[in-house]
Amino acid sequence: MFDKILIANRGEIALRVVRAAREMGIATVAVHSTADADAMHVRMADESVCIGPPSSTDSYLSVPAIIAACEITGAEAIHPGYGFLSENANFVQIVEDHGIKFIGPTAEHINLMGDKITAKETMKNLGVPCVPGSDGGVPTLAEAHRVSDEMGFPVIVKATAGGGGRGMKLARTKTDLDLAFQSARSESKAAFGNDEVYIEKYLTLPRHIEIQVMADSHGNVVYLNERECSLQRRHQKVIEEAPSPFLDEKTRKKMGEQAVALARAVDYESAGTVEFIVDPQRNFYFLEMNTRLQVEHPVTEMTTGVDLVELMIRVAAGEKLPIAQKDVGINGWAIESRVYAEDPFRNFLPSTGRLVRYQPPLEDAHVRVDTGVFPGYEITPFYDSMISKLICYGETRGEAVLRMRRALEEYRLMGVKTNIPFHQHMMDSHRFLTGNFHT
Ligand code: ADP
């Protein structure tokens with residue numbers, strides 16, 4: 001096992017990793033920008049290194065600064081959290097080349113799955129159904145029209161290198177296609193430095209359901225059931241839950257086994273998420289694989305009793321998975337609400353400023369608050385505007401909803417606007433309560 005690891009991230013996820021490491025007796029190194037000098041993850045870690053100015057490009061995304069921080073402190077491994085460099089194959093290669101262990105998959109896996117076309121190709125070869133679409137990149141508008149006419153509208157134009165909902169444009173009809181194609185390309189070029197796009201049939205009434213997998217370096221792979229992530233805004237998740245109110249045992253098993261087959265086929269290592277689109281008849285189609293820990297991982301932890309970060313660290317250190325598929329059950333229900341500093345009454349306009357008052361709901365065995373903020377914390381435009389993730393557990397879905405309502409009510413916040421009223425509205429919504437919703 002490692003003696004010391006570095007966490008190349010900030011906020012709640014950096015803290016999450018610090019806590020897991022501490023429980024395992026591993027020393028931690030935090031890295032931070034000048035803006036985060038007194039951030040919670042810095043205070044809680046054993047050591048910290050300033051890696052640059054506020055802008056993430058010059059700090060949390062600075063590969064030389066992070067490698068240097070590792071070498072100065074003697075950290076043996078890096079946990080990347082999510083976002084930032086977590087799915088940057090180039091970074092992982094450099095980490096590996098420096099003899100530092102990356103707590104996650106290899107650079108090769110990230111490359112393979114990060115290219116969405118290659119990932120779909122791999123799935124297709126395994127006989128897993130994929131969302132119907134172009135075979136590979138679509139280089140010209142003429143080709144885009146040919147492919148879309150053949151498939152039938154609506155279609156969705158997506159960046160090959162895409163992520164976070166960027167470089168993704170819907171064309172409901174043929175007349176929308178020119179604009180969708182051009183804007184997906186230019187957005188992708190700006191965000192990912194690559195303007196290759198591909199086209200998929202846009203499935204109507206889709207649900208986004210994903211399977212958590214975990215693999216060690218000895219060929220053992222398990223799936224830790226699904227997360228329902230259909231509640232999205234602009235193709236970004238806002239509320240997630242486990243299990244899904246829509247899946248039956250048979251579909252769950254089929255999806256789980258296919259996700260494991262993909263992980264095995266590429267010799268995957270560490271935590272990964274296989275995302276599927278599920279139609280109203282419960283037909284499912286592979287969407288993409290995320291090669292990192294997901295924001296919404298706590299709902300899986302609460303319902304399976306597995307600590308995903310601990311497992312990631314263990315398998316990175318070469319240990320065998322301590323659980324087999326038969327040990328994985330579903331116990332109860334968990335829902336996560338992502339609380340953001342944004343104004344739901346003004347179309348979710350981001351809200352920055354100082355949290356002059358911050359009192360989260362009381363945490364207990366059934367309520368978990370993952371956060372990096374504290375009273376006096378400044379929400380800046382430099383980073384993600386997430387205040388906290390509120391995760392509530394119940395024996396049943398109904399109980400989890402009631403607990404979520406109660407916990408949302410307990411927040412006392414002043415200084416910024418939050419989307420808590422939106423979450424409260426959702427917890428009262430008939431559609432949400434019946435489980436009858438789609439993306
Ligand atoms: P990103 O990696 O940018 O998050 P994804 O490919 O994971 O993009 O898609 C994000 C979301 O967009 C999905 O959860 C779903 O809501 C929607 N989506 C993507 N592709 C399709 C499709 N072919 N049909 C319907 N919805 C889609």
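Everything quoted here is computed from the prediction, not taken from an experiment. Remember, it's 1-based here, ligands and their atoms both numbered in the order they're listed.
For the pair Lys201 and ligand 1, a heavy-atom separation below 4.0 Å is found.
For ligand 1, one of its N or O atoms has an N or O atom of Gly165 under 3.5 Å away. Between Ile156 and ligand 1, a contact under 3.5 Å exists for no N or O pair. Taking any N or O of Lys116, backbone or side chain, at least one lies under 3.5 Å from an N or O belonging to ligand 1.
Side-chain atoms of Gln93 and Asp97 form a donor-acceptor pair, as typed in the model, at a separation below 3.5 Å. Of the N and O atoms on the side chains of Glu241 and Trp333, at least one donor lies less than 3.5 Å from an acceptor on the other residue. Counted by atom type alone, Glu378 and Thr380 present zero donor-acceptor pairs between their side chains at under 3.5 Å. Judged purely by distance below 3.5 Å, without hydrogens or angles, the side chains of Asn125 and Thr122 never pair a donor atom with an acceptor atom.
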| query | Can you check side-chain hydrogen bond (donor to acceptor under 3.5 Å, both in side chains) on Asp178 and Gln182, steps first, answer last? | reply | CA-CA 6 Å; Asp178 294 20; Gln182 305 297 1; over 6 Å; no
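Just one of Gln212, Glu210, Arg227, Glu226 meets the side chain to side chain donor-acceptor pair (under 3.5 Å) condition when paired with Thr300; it is Arg227. Here the options are Asn9, Ile94, Val63, the test is side chain to side chain contact (heavy atoms under 4.5 Å, CB included), and the partner is Leu85; only Val63 passes. When each of Arg264, Arg314, Lys101 is paired with Glu269, the salt bridge (charged side-chain N to carboxylate O under 4.0 Å, His left out) condition holds for Lys101 and for no other.
Atom 16 (O) of ligand 1 has its closest protein heavy atom at Gln232 OE1, 2.7 Å. Considering only non-hydrogen protein atoms, atom 20 (N) of ligand 1 sits nearest to Lys158 NZ, 2.9 Å. Here the protein heavy atom with the shortest distance to atom 26 (N) of ligand 1 is Tyr202 CE1, 3.3 Å. Here the heavy atom of the protein found nearest to atom 2 (O) of ligand 1 is Glu288 OE2, 2.7 Å. The protein heavy-atom contact nearest to atom 24 (N) of ligand 1 is Leu203 N, 2.9 Å. The protein heavy atom nearest to atom 10 (C) of ligand 1 is Met168 CE, 3.8 Å. Regarding atom 13 (C) of ligand 1, its nearest protein heavy-atom neighbour is His208 ND1, 3.7 Å. Scanning the protein for heavy atoms near atom 27 (C) of ligand 1, the closest one is Ile277 CD1, 3.7 Å.
At a heavy-atom distance under 4.0 Å, no atom of Thr204 approaches ligand 1.
Stacking of Arg403 on the aromatic ring of Tyr393 is not recorded, the 6.0 Å distance cut-off and the 45° axial limit not both being met.
Phe422 and Phe348 have their aromatic ring centers within a separation under 6.0 angstrom.
Applying the 4.0 Å criterion to heavy atoms of Thr439 picks out, from ligand 1, the atoms 16 (O). Short contacts between ligand 1 and Val131, defined as distances under 4.0 Å to a heavy atom of the residue, involve ligand atoms 23 (N). When each atom of ligand 1 is checked for a heavy atom of Glu275 under 4.0 Å away, the hits are 7 (O).
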